[in-house]
Amino acid sequence: MDHITHGPIIGNRVELQLYTTLRCNLKCSYCSEAVGDVVNSQGKVSYTLDALDAFIRSQLADKEIYITFYGGEPTLNIPYMSEVTQRWPNFRYQLQTNGTLLNRLPDAILEKLSNTLVSIDGGEATTDGYRGRGVFRKVGKNLERMRGKVQGTLTARVTWHAGTTSFEELDGLLDTFDYVYFQFAQSDDVYDAESMARKQAVLTQMIDRFFAQTDRAYPMIPIMGVVRNKVLPNRAIEAASGYAQCRASTHILNVLPDGRIYPCPDMTYDDAMQHGDINGNWLTRSPLQPTPDMPCETCAAFAFCRRNCMKNLHRAYVENDLHYRTKVVEPVCELVQFIGREIDRRDPAAWYARASLRARKEVADCEVYDYVEVMP
């Protein structure tokens with residue numbers, strides 16, 4: 001088993017997050033790739049598929065591989081997506097997209113997608129406020145057109161900024177999507193006392209909704225994931241052999257169009273984070289690893305959280321960015337702890353015992369867990 005814990009990849013799977021381009025057709029106000037002018041810095045992929053194949057064969061030979069098409073906006077380079085899906089027909093595929101160009105995708109690609117992760121921020125006013133006028137409705141129309149053509153799941157990928165974001169608008173996304181995944185924004189101006197209280201109120205409504213039904217799991221991924229990790233604690237560690245639950249630490253490779261590899265899509269501006277290269281055919285372990293500086297193992301949430309974001313922890317405790325620690329990381333950790341406490345108050349083990357077989361399987365084995373961080 002040494003190869004599972006001592007090689008560059010921790011665990012027995014690897015997610016190749018392939019940037020089809022760094023160009024984008026939107027200018028979202030909070031874009032993490034705008035840091036260091038990464039966005040729009042590279043066009044089409046410059047390495048060959050033969051080089052990628054050689055890398056896979058030499059560096060990832062003993063791993064289960066699944067691919068996420070990423071960007072920029074990945075649908076701006078459909079030919080590359082087609083070539084990859086044809087070259088490796090046995091891999092699983094996911095697309096993470098802003099959803100505005102989904103109408104361009106050919107059926108042959110849509111049919112390959114196990115999950116489509118669509119970036120959206122809530123209801124129409126919230127989404128358009130961050131992404132531009134008309135984006136919410138355009139995405140909705142595209143999803144209506146593609147719904148009958150996809151065999152995989154559709155998941156809303158929400159960056160939760162404002163304290164004014166309501167339960168109704170997040171819950172309402174389930175009218176269109178199979179699942180909702182939310183991540184707390186990595187911004188230093190959204191965690192004042194009033195915003196924290198409002199987020200906690202919305203989280204309480206989500207958790208109440210989850211425990212109010214036993215016929216199927218309420219498909220809000222972070223709530224599902226915490227319940228899973230509490231009822232089936234081995235699931236929190238087995239995918240990454242006991243290391244961080246954050247994929248940036250263990251088994252995701254962010255491959256830029258020029259072939260350079262980084263652990264986290266939010267840190268591709270930092271050359272010190274590079275830990276591999278397709279053209280050079282080399283790979284080392286992610287530099288985002290747990291350190292004694294991080295307080296996680298003494299936290300009450302550690303058993304189910306397992307370090308929710310290694311980028312956040314690295315900035316806060318390794319780089320010792322005290323402003324980021326107090327304005328972003330500590331409030332996010334407080335919200336994760338809040339989720340855990342509220343779920344415990346509702347006795348997740350008793351709910352699991354009453355739940356239908358369908359609901360239990362959804363909580364235990366939802367494939368979308370593979371494509372997101374689970375913890376928000």
Side-chain angles (χ1 to χ4, degrees), residues 15-49 52 66-85 87-88 91-106 109-110 112-121 127 130-132 135-136 138-139 142-143 146 150 152 154-159 181 183 185-186 247-248 252-270 273-274 276-278 311 370-373:
E15 179 177 359
L16 282 173
Q17 188 146 277
L18 301 179
Y19 286 66
T20 74
T21 181
L22 282 171
R23 294 185 298 115
C24 190
N25 62 319
L26 296 182
K27 293 183 178 180
C28 303
S29 60
Y30 59 83
C31 179
S32 62
E33 288 178 12
V35 178
D37 296 321
V38 174
V39 68
N40 292 317
S41 64
Q42 296 179 39
K44 294 184 178 180
V45 172
S46 57
Y47 59 82
T48 67
L49 292 193
L52 179 57
Y66 57 103
I67 286 175
T68 293
F69 293 117
Y70 198 77
E73 172 46 44
T75 56
L76 290 172
N77 192 357
I78 292 173
Y80 173 79
M81 296 172 62
S82 295
E83 291 170 4
V84 170
T85 56
R87 181 73 174 258
W88 293 281
F91 291 174
R92 283 189 291 156
Y93 290 94
Q94 175 186 231
L95 169 66
Q96 182 163 346
T97 174
N98 62 38
T100 60
L101 303 176
L102 282 171
N103 56 301
R104 298 184 180 185
L105 283 180
I109 291 179
L110 291 174
K112 281 283 189 181
L113 298 175
S114 294
N115 185 54
T116 303
L117 196 62
V118 181
S119 297
I120 199 163
D121 300 307
T127 298
Y130 290 116
R131 296 177 172 270
V135 168
F136 182 86
K138 186 171 187 179
V139 171
N142 284 341
L143 292 173
M146 69 178 283
V150 294
L154 297 178
T155 302
R157 199 283 186 195
V158 175
T159 301
Y181 169 71
Q183 184 175 55
Q186 298 174 3
R247 295 170 296 156
I252 188 171
L253 303 179
N254 289 274
V255 183
L256 295 185
D258 64 6
R260 289 178 295 147
I261 296 171
Y262 290 80
C264 176
D266 291 352
M267 302 189 80
T268 55
Y269 63 88
D270 185 352
M273 285 287 118
Q274 183 182 355
D277 186 79
I278 299 298
K311 171 227 171 169
D370 289 347
Y371 299 116
V372 296
E373 301 301 348

Would you give the length of the straight line joining atom [atom1] of [X] to atom [atom2] of [Y], rounded to the nearest 0.5 angstrom?
| X | Y | atom1 | atom2 | value |
| --- | --- | --- | --- | --- |
| Leu256 | Leu18 | CG | CG | 10.5 Å |
| Leu253 | Thr68 | CG | OG1 | 11.5 Å |
| Met81 | Thr21 | CE | OG1 | 12.0 Å |
| Met267 | Lys311 | CE | NZ | 7.0 Å |
| Gln94 | Glu15 | CD | CD | 6.5 Å |
| Asn77 | Arg23 | CG | CZ | 7.5 Å |

Where do [X] and [Y] come nearest, in terms of heavy atoms and distance?
| X | Y | answer |
| --- | --- | --- |
| Gly71 | Tyr19 | O-CE2, 3.5 Å |
| Ile78 | Pro106 | CG2-CD, 3.8 Å |
| Met146 | Leu110 | CE-CD2, 3.7 Å |
| Ser82 | Ile109 | OG-CD1, 3.4 Å |

With side chains defined as the heavy atoms from C-beta onward, is the minimum distance between [X] and [Y] less than 4.5 Å?
| X | Y | answer |
| --- | --- | --- |
| Thr20 | Leu76 | no |
| Asn98 | Cys24 | yes |
| Tyr371 | Thr155 | no |
| Ser119 | Thr159 | no |
| Lys44 | Pro79 | no |
| Leu143 | Leu102 | yes |
| Glu373 | Tyr181 | yes |
| Gln96 | Pro74 | no |

**Item:** Derivation of the side-chain contact (heavy atoms from CB on, under 4.5 Å) call for Leu95 and Thr75
**Value:** CA-CA 9 Å; Leu95 169 66; Thr75 56; 4.1 Å; yes

**Item:** Heavy atoms from other residues, nucleotides or ligands near CZ of Arg104 exceed 12 (cutoff 6.0 Å)
**Value:**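 Atom CZ in Arg104 is not crowded, with 12 or fewer foreign heavy atoms closer than 6.0 Å.
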
**Prompt:** ring-ring contact (aromatic ring centres under 6.0 Å, His included) with Tyr262: which residues, sequence neighbours excluded?
**Reply:**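 Listed in chain order: nothing, the list is empty.
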
**Distance-only polar pair, side chains of Glu73 and Thr97, donor-acceptor under 3.5 Å** =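 Result is yes, a qualifying pair exists.
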
Looking at [X] and [Y], would you say the former's side chain and the latter's main chain have a donor-acceptor pair under 3.5 Å?
| X | Y | value |
| --- | --- | --- |
| Asp121 | Val158 | no |
| Asn142 | Thr100 | yes |
| Tyr93 | Val84 | yes |
| Gln274 | Gly276 | yes |

**Complete:** Residues passing the salt bridge (Lys or Arg N to Asp or Glu O under 4.0 Å) test with Asp370, sequence neighbours excluded, are Arg13, Arg92

**Request:** Please report the C-alpha distance between Trp88 and Leu52 in whole Å, then the side-chain angles of each, then the deciding distance to 0.1 Å, and finally whether the side-chain contact (heavy atoms from CB on, under 4.5 Å) criterion is met.
**Result:** CA-CA 11 Å; Trp88 293 281; Leu52 179 57; 3.6 Å; yes

**Request:** Report the residue from Thr116, Asn115, Leu113 that forms a side-chain contact (heavy atoms from CB on, under 4.5 Å) with Leu154.
**Result:** Thr116

